[in-house]
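Beneath this line is the structure, given in structure tokens, with notes to follow.
Chain A is the first sequence line, chain B the second, and so forth, proteins listed ahead of strands; every chain is numbered from 1.
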Amino acid sequence: MPQLLLLGDEALAQGALDAGISGCYAYPGTPSTEITEYIQASAEASERGVHRQWSANEKCAMEEALGMSFAGKRALVCMKHVGLNVAADGFVNSAVTGVHGGLVLVVADDPSMHSSQNEQDSRFYAKFAGIPCFEPTNQQEAYDMVFAGFELSERMQVPVMLRLTTRLAHSRANIVRRECLPERPLSRPENPGRFVLLPAIARLNYENLLAKQVDFVAEAEKSPFNAWIDGADTSLGILTTGIAFNYLMECFPKRDCPHPILKISQYPLPVARLRRLLDTCRRVLVLEEGAPFIEEMLHGPLGLNEKILGRMTGALPRTGELNPGLVAKALGREVKPHTGSPLLRMRPPRLCDGCPHICSYKALLEVLAPHGKGHVFSDIGCYTLGALPPFSAIDTCIDMGASISAAKGAADAGLRPAVAVIGDSTFTHSGLTPLLDAVWENTPMTVFVLDNETTGMTGGQASSALGKIEQICAGLGVDPAHIRTLDPLPKQHDENVRILREEIAFAGLSVVIARRECIQTLRRKKS
Amino acid sequence: MKNDIILSGVGGQGILTIAAMVGRAAVEAGLYVKQSEVHGMAQRGGAVVAHLRLSDETIYSDLIPAGGADVVLGVEPMEALRHASQLAPGGALLANTVPVRNIEYPEVEDIVAQLRALPRSVVFDADEVARQVGNARAMNMVMLGALTAFLAFPEGVFEALIRDTFAAKGEKVVETNLKALAAGRAAVQE
């Protein structure tokens, strides 16, 4: 079979198809989006009828995947790290119900926050829920680990996490495929009662899950993804996780690292191998892409252990991605400092020329000018770029859907006016439930939905809100007289200001929908 | 054999198309490839960079070590300058002189002068070259052509890739891009 050149995300997606999934469930989120997009574009997935439509949010995706697992089939569920916060309820409980058909949860973490609000490390979640976790070192491992993950998931009857990080997710490499596995037939669990988490059943399931922990460690001890590489110089041992291994290897082009290396790519920690490293080496350098997850355990709760070096001891930066230079420095190498010309200017992202959000923000700024700053609550999407000059139009961005809930809380406190700015896709992801709260109390606030008819920031995925926002709002109980639409075009500016001014002045709940297609998706359709 | 190439530009200028073509050619030639890209927020008109690594041996890091680039290719002058210090000794810089002015921009002549002062650089108006062969939008294929002059691939590989990539858009588009590729290669040889 010819080699493929695939992103880490795509390699994983191809692996999932080849491992016989019957469904992929996800909400777009950088750096995980390309997994589902690859499956959506795949001719094989289409022929097989693999489920591949986007879910409304990560919680829905997680639970839909668990439902497919209940029915005996293999399901993949994908999200970015903060998406797992949204899905956490279903995720943690899926470890307690256990699975029937294999369930692999892919979480793509974003250290350095390239496109995110925090850099939380999903390995904590895997440990918290008590499930095995894989962390690939390269794209081929990502492909192979999907097979291993489904096999382990079915054998142990637990969901399995596969943790990616940005660099691996968005880097291409040669991939060799394996023979495809057939999809599983429809079947129900032998003991479907275990999926009913009544306290009496949950207690038994939880004991059962705890009892499996020793098996998970045994799996990690013999895992081919966890490797010991001998080295004669035991003054230092090196522990790597995920792609940190690559940066270490890059420091030794002749592959002659003198120190013992423990490469970890499957959790829970392989304790015997870890003990060997600590027993044989005088000091241990811990290289982790993400939080000092293992390092903190090795230091223990009583303060820093001088045997251990890593992000917590200053050997490496406490936050952000690793790179070959940082690892070289941690090994005591001289690294050429980066010298930038004084002519360089920062070039941050910005709203595209012709973006409908520009017109929406111009109108909003004009209406709110007499009120000063501090009235606009927003959240996650291209429209978050409205926080930057020249607009400086929004005052908060917390998480998906928090525009509406935070505006409501501020309105409850007496802030007038209170405006929520939310995109169409974010609205269906997490905006409906807080809007229902506002309906219930007829909260004096305005929800400004910037409807560009797509999920823009992640590259233009279909939005389930398409053409439905007025109906959704009316269905939730917003007074139809205060559900207004406007066309965010420069020539409509005065009219748009008028509509917004009326609704913002209204002493109850109103929704204004600015509808015009994203300039990027529009261009793509034309070319 | 090893080639570490940094491609830089502004989101939307098409550096990923260049990277993808070289990556495909390398896989077909039996080489190992790593190609690290920027997706997400930065693609909205921000500075973007791709690291492209080709080798006949296993490549570990997806990122090129600092100061290790054999070639820095910038489809925009400031973005070329941003990564110029990543060049290895003896490395070459290829840059387009046409600025993307979506920020407060210094004198472009000053930037171009700094690029030309590098030990090995090819700095030219790739938009104009593309315009002369028929379409300024083929600028990234001009830059690909310039890059191929620094790569040891068999003759005709990139021509075949262009035919394949643009076939659906008609023979005229294919021809324009083929001419752009040749013109870019010629610009290096001048």
Side-chain angles (χ1 to χ4, degrees), chain A residues 2-5 7-8 30-31 33-34 110 114-116 137-139 166-174 243 245-251 255 321 323-325 327-328 335-353 355 382 384-385 456-459 520 527, chain B residues 2 10-12 19-20 23-24 26-28 30-48 50-53 57-68 76-79 81-86 100 102-108 110-111 113-115 169:
Chain A
Q3 282 191 1
L4 301 172
L5 182 61
L7 293 174
T30 313
T33 312
E34 293 80 2
D110 190 18
H114 294 282
S115 288
S116 303
T137 302
N138 56 47
Q139 292 79 352
T166 307
R167 284 300 158 189
L168 180 54
H170 287 168
S171 174
R172 289 175 202 277
N174 317 58
I243 67 169
F245 177 76
N246 302 335
Y247 300 142
L248 177 66
M249 289 295 105
E250 199 65 36
C251 293
R255 313 296 168 234
E321 287 183 293
N323 62 47
V327 172
V335 178
K336 190 179 134 190
H338 184 78
T339 46
S341 162
L343 289 176
L344 294 175
R345 303 282 181 274
M346 294 284 285
R347 199 190 301 261
R350 57 200 279 280
L351 291 172
C352 307
D353 293 334
C355 173
C382 280
T384 317
L385 295 170
M457 180 59 91
T458 46
Q520 295 287 347
S527 71
Chain B
K2 170 192 90 86
V10 177
R24 274 178 67 187
V27 171
E28 282 172 22
L31 295 173
Y32 291 98
V33 178
K34 285 241 172 168
Q35 181 193 320
S36 179
E37 311 176 351
V38 172
H39 293 211
M41 192 178 251
Q43 282 178 302
R44 300 279 163 271
V48 290
H51 286 203
L52 179 58
R53 315 191 70 189
E57 290 176 40
T58 301
I59 305 164
Y60 283 95
S61 171
D62 298 276
L63 297 173
I64 297 169
E76 201 275 352
M78 187 186 293
E79 298 314 318
L81 186 61
R82 201 182 299 283
H83 300 280
S85 68
Q86 300 298 333
V100 174
N102 62 0
I103 47 169
E104 197 189 319
Y105 213 91
E107 289 298 325
V108 68
D110 295 344
I111 290 182
Q114 287 197 357
L115 295 173
K169 294 190 174 178

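- Around the OH atom of B:Tyr32, the shell of radius 6.0 Å holds no more than 12 heavy atoms that belong to other residues, nucleotides or ligands.
- Interface remark: A:Leu7 contributes side-chain atoms only to the contact with chain B (heavy atom separation under 4.5 Å).
- Under the 4.5 Å side-chain criterion, counting only non-hydrogen atoms from C-beta, B:Val38 is not in contact with A:His114.
- When the candidates B:Arg53, B:Glu28, B:His51, B:Lys169 are compared by the number of heavy-atom contacts under 4.5 Å with chain A, B:Arg53 comes out ahead.
- One finds a salt bridge joining A:Arg172 and B:Glu37 here, because a Lys/Arg side-chain nitrogen approaches an Asp/Glu carboxylate oxygen to under 4.0 Å.
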Run the numbers on B:Met78 and A:Leu344 for side-chain contact (heavy atoms from CB on, under 4.5 Å), then give the verdict.
CA-CA 7 Å; B:Met78 187 186 293; A:Leu344 294 175; 3.7 Å; yes

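- Neither the backbone nor the side chain of B:Leu52 comes within less than 4.5 Å of any heavy atom of chain A.
- In terms of heavy-atom proximity, A:Leu343 sits nearest to B:Leu81 at CB-CD2, 4.2 Å.
- With a 4.5 Å cut-off on non-hydrogen atoms, A:Cys382 touches chain B through its side chain but not through its backbone.
- In this structure, CE on A:Met249 lies 15.5 Å from CD1 on B:Ile59, to the nearest 0.5 angstrom.
- Using a 4.0 Å cut-off between charged side-chain N and carboxylate O, A:Arg347 and B:Glu76 make a salt bridge.
- Remark: A:Asn174 CG to B:Thr58 OG1 distance equals 9.5 Å, nearest 0.5 Å.
- A:Gln139 has its side chain within reach of B:Asp62: a pair of non-hydrogen atoms, C-beta onward, lies under 4.5 Å apart.
- When side chains are defined from C-beta on, B:Lys34 counts as touching A:Asn138, because their heavy atoms get closer than 4.5 Å.
- In this structure, A:Arg345 and B:Pro106 approach most closely via the heavy-atom pair NH2-CB, 3.9 Å.
- Here the straight-line distance linking atom CG of A:Leu168 with atom OG of B:Ser36 works out to 9.5 Å at 0.5 Å rounding.
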